[in-house]
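Chain A is the first sequence line, chain B the second, and so forth, proteins listed ahead of strands; every chain is numbered from 1. Being a predicted model, the structure only gives us computed values, none of them experimental.
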Amino acid sequence: MDNNKKIPDLDRIVRHVRDLPTLPRTVLKITSLVNDPQASAKDLSGVITDDQVLTARLLRLVNSSFYGFPKKIATVTNAIVLLGFDAIRNLLLTTSIFGLFKRKSEIDNAVLEKYWDHSLGCAIGAKIIGNYIGYEKIEELFVGGLLHDIGKIVEILFIPDQFEKICAATKEQNILMRIAEEDILGFNHADIGQSLAIRWNMPARLETIIANHHSPDETTQFLKETSIIHISDILCRSLDIGWSGDDVMPALNEQAWKELAIETDDVRMIMEEMQQEFGSLKGLFEY
Amino acid sequence: MSTSLNDLSPGMILSEDIHNFQGLLLLKKNTRLSDKNIHMLKSWGISSVRIVGKGTEKYNKNTKSENELKVSVLNEMKKKFSGLLEDPVMEEIMNTATELIVQKRMKNG
Amino acid sequence: MPTNENALIEFIDKMEELGQFQDKIDISSTIGQIWGGFLSEIRKHIIIDVCALFLVDEESYEFKLNKAYPEEKKDICQKEVEYQIEGGMFSWIINRRKPAIIPSFVFKDQKTIIMLPLSTMKRTIGVVMVLTPLEESAITQENLRLMTMLAKQCSLVMENSILYNNLREEHEALQVAQARVLQAEKLASIGRLTAGASHEILNPLNVISGHIQLLLMKDGDIRNGQKPLEIIKSQTERITNIVKGLAQFSRYSDSKKTDVDIGHLVNKFADAARLKMIDDKIKLKVENAPDLPEIEGVEKNLFDVFKFLLSNSKDAMPKGGTVTIRTSVVNGHMLSDKNGRHIRLDFNDTGCGIPKKNIEKIFEPFFTTKGGEYRTGLGLSLGYGIIRDHDGEMQVESEENKGTNMIVYLPLKKN
């Protein structure tokens with residue numbers, strides 16, 4: 001096993017893929033507020049409610065089957081004190097991400113939708129698995145799932161010609177997409193995702209999840225979180241939720257499976273829940 | 001068939017063991033329900049339970065079309081999972097996925 | 001920004017201090033004591049109007065009210081939680097395992113309730129409900145995180161306390177069981193003694209009975225009755241000795257204890273014994289440690305123990321040999337967990353030794369390998385009993401054809 005994984009050349013990728021999106025200002029403001037221990041729920045909700053669209057999206061997400069609350073959560077403040085500052089930050093990120101990668105008329109948006117479906121499915125799977133093992137930062141796992149294949153979405157939107165070549169090579173040679181990416185670009189979608197995470201100043205945990213979801217045993221830290229995304233990705237592919245670009249299934253990493261200690265009997269329950277929740281949550285997000 | 005907690009009343013008898021989210025056994029199979037223990041189940045977030053009498057499983061005879069669908073899905077799956085089926089976990093995932101996909105497609109018509 | 005930095009550092013300090021919550025709680029603390037500690041900690045960080053502790057009942061798994069502050073609010077706290085359970089938010093919070101702030105059903109004016117689940121990854125211990133006059137929107141991130149930390153600490157400490165108390169109860173139950181076993185053993189040994197005694201008495205009785213029958217059958221011919229009569233006489237004496245021996249067991253208890261100088265006693269014994277053994281080709285040596293401290297005991301009885309031991313050694317050396325009596329002071333001994341200082345007395349002979357198979361039995365009453373009608377095999381048993389009455393112990397080391405060492409431990413006089 002090669003423990004010296006190459007750190008992606010951020011500059012090279014950025015040079016190659018122009019105009020990588022930046023996080024919206026509101027989200028940045030909120031992140032800095034969340035880093036201030038003295039920030040009150042009022043302070044945070046003040047920033048959020050300035051943006052009506054964001055507020056509506058947040059409340060819709062909070063009141064959906066995502067949490068399944070028995071009663072309606074009426075205000076942003078209610079949501080903040082119920083879920084915690086960190087969770088709210090991640091929920092806001094969740095609702096904002098789709099808007100950063102808008103459809104373009106020149107590309108096949110039906111295909112783009114399928115990649116988003118897969119990312120959403122993986123996010124949902126991560127949430128379900130996280131709950132199953134009693135992991136606490138569920139919302140962060142959700143973001144991790146959404147972003148694990150963001151590199152592919154970047155390719156579709158920003159380097160469509162090369163993306164076409166990659167797709168063709170993947171199909172013809174019946175290989176995993178990342179092999180084709182490495183051939184043609186010199187880096188793969190996990191590397192792109194990692195650069196984006198660094199650029200967006202995301203916590204190291206998220207960065208590691210995105211960079212290593214193919215091979216969780218290459219991480220020294222955050223094995224648990226990376227394993228969750230890895231397994232969720234595989235379950236998602238097996239359930240045909242969305243499309244991840246290749247026909248071939250990646251192998252299940254043994255260490256990841258051991259790390260989470262999921263009972264084989266419970267696999268069915270997890271997969272059923274994934275299927276169900278995808279059906280109910282898909283309508284919430286526009287992509 | 002599971003019964004929602006709101007539809008339960010004292011006197012009903014559980015037809016399964018009930019565990020909480022941490023695996024703690026709350027009530028054993030064949031326990032008679034009371035107001036007290038129904039309230040206890042609610043405090044742990046149990047949303048539905050199986051009781052004796054309700055919902056004898058209707059024997060689902062697979063229709064011909066369902067079986068055909070199952071065969072074709074399974075073939076697709078086997079291609080997808082080729083080379084990986086020595087791993088029993090992967091095998092379980094493949095079989096479960098096949099069933100769930102067939103169920104979904106049958107539902108959606 | 002300087003203000004932000006300071007705020008962060010202050011926050012970290014507060015978190016660290018909370019992390020030491022468990023140091024303030026002793027492992028043997030009761031839930032009540034932990035609750036007291038928790039209350040005083042949480043009030044450092046947030047104003048509290050009402051605070052209640054609900055614990056998961058170990059049998060019914062219901063969340064039962066355990067403590068309420070102030071006491072008068074007990075009923076209203078109970079009601080609030082019942083409404084929250086019916087309303088569904090309670091279980092959501094328990095499953096999420098994180099503090100949450102929710103609107104109240106029952107408390108009218110102060111509407112903000114903070115629910116703090118007390119749980120570890122594997123187990124939910126209960127939940128704390130806090131009512132604060134603070135407005136929901138004024139809650140800061142610091143508040144939430146400090147409370148999360150405190151709840152976690154409290155859960156750990158309470159779980160330890162519950163486990164510790166369960167362990168202690170089990171231990172106490174075990175000790176009661178142990179005492180019962182000891183009691184049963186004592187009764188059993190009395191039973192064995194009685195059984196042994198009755199066996200020893202029945203044998204001679206059978207012999208006597210048999211010979212009397214013989215005599216009766218011989219139709220009054222007394223001249224032939226001489227041998228049977230002698231046998232009857234000696235068996236009767238044997239029974240008498242056994243009964244006397246049994247009586248000795250009671251003789252040795254209930255004696256008043258005084259201060260005894262063992263070294264002095266051993267010397268006295270050796271002098272008297274040498275006088276009696278001039279013709280026996282047995283050498284008797286004494287090696288006393290200097291300045292042996294005194295013990296509490298019955299001199300007469302201890303003297304008899306030496307007599308029994310010497311008698312056994314003599315029997316083991318029919319062709320002569322050496323008996324050595326050695327005394328010393330030791331700290332505790334293997335036979336008990338008593339750690340105090342003891343006198344150790346080694347009574348050593350160069351006799352034929354005791355075969356391995358017999359070593360376990362030598363302290364048993366009536367066990368004897370010596371022939372003859374006058375040996376009752378009670379000596380060591382009596383001796384052992386006397387030593388036990390002195391709160392001491394006895395041990396045997398022996399090798400066939402080499403010799404035997406009897407070790408006696410006697411605890412020192414308590415100052």
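Heavy atoms of other residues, nucleotides or ligands lying less than 6.0 angstrom from CD of E86(C) number more than 12. With a 6.0 Å radius and a threshold of 12 heavy atoms from other residues, nucleotides or ligands, K14(C) has its NZ atom above the threshold. Heavy atoms from other residues, nucleotides or ligands lying under 6.0 Å from CG of D50(A) number more than 12. Annotation: K98(C), atom NZ; neighbour count of heavy atoms from other residues, nucleotides and ligands within 6.0 Å is above 12. By the neighbour-count criterion of 12 heavy atoms within 6.0 Å, atom NZ of K79(C) is sparsely surrounded, having that number or fewer from other residues, nucleotides or ligands. Within a 6.0 Å radius of CD in Q52(A), other residues, nucleotides and ligands contribute 12 heavy atoms or fewer. Remark: L163(C) CG is packed, more than 12 non-hydrogen atoms of other residues, nucleotides or ligands lying under 6.0 Å away. Remark: E263(A) CD is loosely packed, at most 12 non-hydrogen atoms of other residues, nucleotides or ligands lying under 6.0 Å away.
Identified by a heavy-atom distance below 4.5 Å to chain C, the contributing residues of residues 39-47 of chain A are A39(A), S40(A), A41(A), K42(A), in residue-number order. Residues of residues 117-126 of chain A placed with any heavy atom under 4.5 Å of a heavy atom in chain C are absent; none qualify. Close approach to chain A, defined as a heavy atom under 4.5 Å from one of its heavy atoms, is seen in G87(C), G88(C), M89(C), W92(C), R96(C) of residues 87-96 of chain C, taken by number.
Of all non-hydrogen atoms in R97(C) and G134(A), the two that sit nearest each other are NH2-O, 3.1 Å.
The line from OH of Y135(A) to CE of M121(C) is 10.0 Å long, rounded to the nearest 0.5 Å. To the nearest 0.5 Å, atom CG of residue D36(A) and atom OG1 of residue T140(C) are 9.0 Å apart. Taken from CZ in R145(C) to CG in D86(A), the straight-line distance is 5.5 Å, to the nearest 0.5 Å.
Contacts between A79(A) and chain C at a heavy-atom distance below 4.5 Å are absent for every atom of the residue.
Most heavy-atom pairs under 4.5 Å with chain C, from the set L83(A), I133(A), L82(A): that is L82(A). Comparing I80(A), N35(A), T75(A), L33(A) by heavy-atom pairs within less than 4.5 Å of chain C, the highest count is held by N35(A).
By the side-chain contact (heavy atoms from CB on, under 4.5 Å) test, L284(A) pairs with R60(A), L61(A), S64(A), L281(A), sequence neighbours left out.
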